[in-house]
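The structure appears right after this line, and notes come after that.
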Amino acid sequence: MAIGVFDSGVGGLTVHRELTQRFPDRNFIYLADQANAPYGGRNGEDIVNLTQAGCERLFEAGASLIILACNTASAIALRRLQQTWVPAARARHGRPLNVLGIIVPTIEAATGLPWTYEAERLGEKIEAIDVTGVFCTAATAMSRVYEIEIDKRREDLAVFSEPCPGLAGLIELGAPAEELKVVVNDHVDALRRRIGRQPDKAILGCTHYEIVADMFAAALPPGTPLIHQPTAVADALERYFARHPDYDLGQAGRREFLTTGKPGAQSGLVARFWGAPLTFNPT
Ligand code: DGL
């Protein structure tokens with residue numbers, strides 16, 4: 001058995017890499033739904049159906065716990081799947097199974113508060129507002145998940161999401177650095193103009209963007225803190241494992257990389273990020 005990591009494409013590798021470093025003995029199966037990437041411009045129903053199909057494939061391949069290493073799938077599909085489909089899959093496969101997302105850990109990291117915390121609204125005037133910018137896909141921005149969930153917990157944090165349509169697709173295709181830098185700079189600039197000043201902090205709210213995190217860091221004012229999802233997810237998973245020792249996640253350190261798209265070597269951009277060439281096998 002194994003931990004499954006799912007994304008529309010190569011973005012989830014950023015989370016996968018951190019998880020394999022944190023839990024080296026566990027077995028991991030990575031599934032990229034590259035036949036249907038990118039997800040960010042799709043409608044909600046499509047995102048739910050594709051995420052469900054990917055999770056089913058991972059359960060069949062031996063995953064017991066799946067991490068949706070995709071903000072778009074976590075924001076749009078996760079709750080729907082957890083309500084009825086996951087319990088039915090558990091009964092069908094006859095073993096403990098679950099699907100977890102990456103937005104809860106990111107909100108915990110962004111607010112410094114546990115997910116279960118609910119702010120008491122005292123109606124007092126807030127003196128200082130800290131602005132967090134979220135770079136994400138169009139679907140994630142439209143869900144307003146970061147605005148809603150952060151606002152529930154921290155009145156002193158204002159959130160502005162900047163949809164970056166096209167960026168995940170370019171990263172998926174392994175576009176040249178010069179082209180990616182122009183797109184990243186344009187979005188950082190657009191967010192600054194919309195807020196009226198630079199953000200105090202930024203969340204890379206699409207796992208693909210972590211591959212070009214250095215470009216975001218260079219485009220933002222020097223020293224702007226970036227909330228990195230891979231670390232936030234690994235920290236949250238460590239806490240989750242302590243509470244739920246019931247999943248069989250394997251112990252052989254096995255690594256499998258599957259794609260619904262064209263199998264074979266991934267782009268030079270991915271190889272540079274990964275530190276070595278990486279080959280995906282067919283599902
Ligand atoms: N990497 C995914 C995310 O975090 C999906 C990007 C896409 O497929 O548009 O949102």
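In each ligand, atom 1 is the first atom listed, and ligand 1 is the first ligand listed. Just so it is clear, the values below take in all heavy atoms, side chains as well, and ignore hydrogens, waters and symmetry mates.
Atoms of ligand 1 found under 4.0 Å from any heavy atom of P38, numbered from 1 in the order shown, are 7 (C), 8 (O), 9 (O). Less than 4.0 angstrom separates some heavy atom of D7 from each of these atoms of ligand 1: 1 (N), 2 (C), 5 (C). With ligand atoms numbered from 1 in the order given, ligand 1 contributes 6 (C), 7 (C), 9 (O) to contacts under 4.0 Å with heavy atoms of A168. Interface of T137 with ligand 1, defined as ligand atoms under 4.0 Å from a residue heavy atom, comprises 6 (C), 9 (O), 10 (O).
In terms of polar-atom proximity, H208 is counted as a contact of ligand 1, with an N or O under 3.5 Å from an N or O of the ligand. Checked by distance only, ligand 1 and T207 come closer than 3.5 Å through their nitrogen or oxygen atoms.
Remark: R154 does not engage D130 in a salt bridge, criterion side-chain N to carboxylate O under 4.0 Å. For R193 and D189, the salt-bridge test passes: some basic side-chain N is under 4.0 Å from an acidic carboxylate O.
Closest protein heavy atom to atom 7 (C) of ligand 1: Y39 N, 3.3 Å. Of the protein's non-hydrogen atoms, the one nearest atom 3 (C) of ligand 1 is N71 N, 3.3 Å. Nearest protein neighbour of atom 9 (O) of ligand 1, counting heavy atoms only, is G40 N, 2.8 Å. Protein heavy atom closest to atom 10 (O) of ligand 1, with residue, atom name and distance, is T72 OG1, 2.6 Å.
L65 is listed as a side-chain neighbour of F241, based on a closest heavy-atom distance under 4.5 Å.
Under the 30°/60° scheme for interplanar angles, the aromatic rings of F280 and F257 are found to lie parallel.
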Residues E179, K181; criterion salt bridge (Lys or Arg N to Asp or Glu O under 4.0 Å); working and verdict:
CA-CA 5 Å; E179 192 178 342; K181 271 184 203 154; over 6 Å; no
Where do D33 and T260 land on the side-chain hydrogen bond (donor to acceptor under 3.5 Å, both in side chains) test, with the steps shown first?
CA-CA 5 Å; D33 188 14; T260 58; 2.7 Å; yes
Donor-acceptor contacts, no H, no angles, side chain residues 268-277, under 3.5 Å, sequence neighbours left out:
none

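At a 4.0 Å heavy-atom cut-off, ligand 1 touches S8 through the side chain alone.
In this model, no donor atom of one side chain and acceptor atom of the other lie less than 3.5 Å apart for Q266 and E172.
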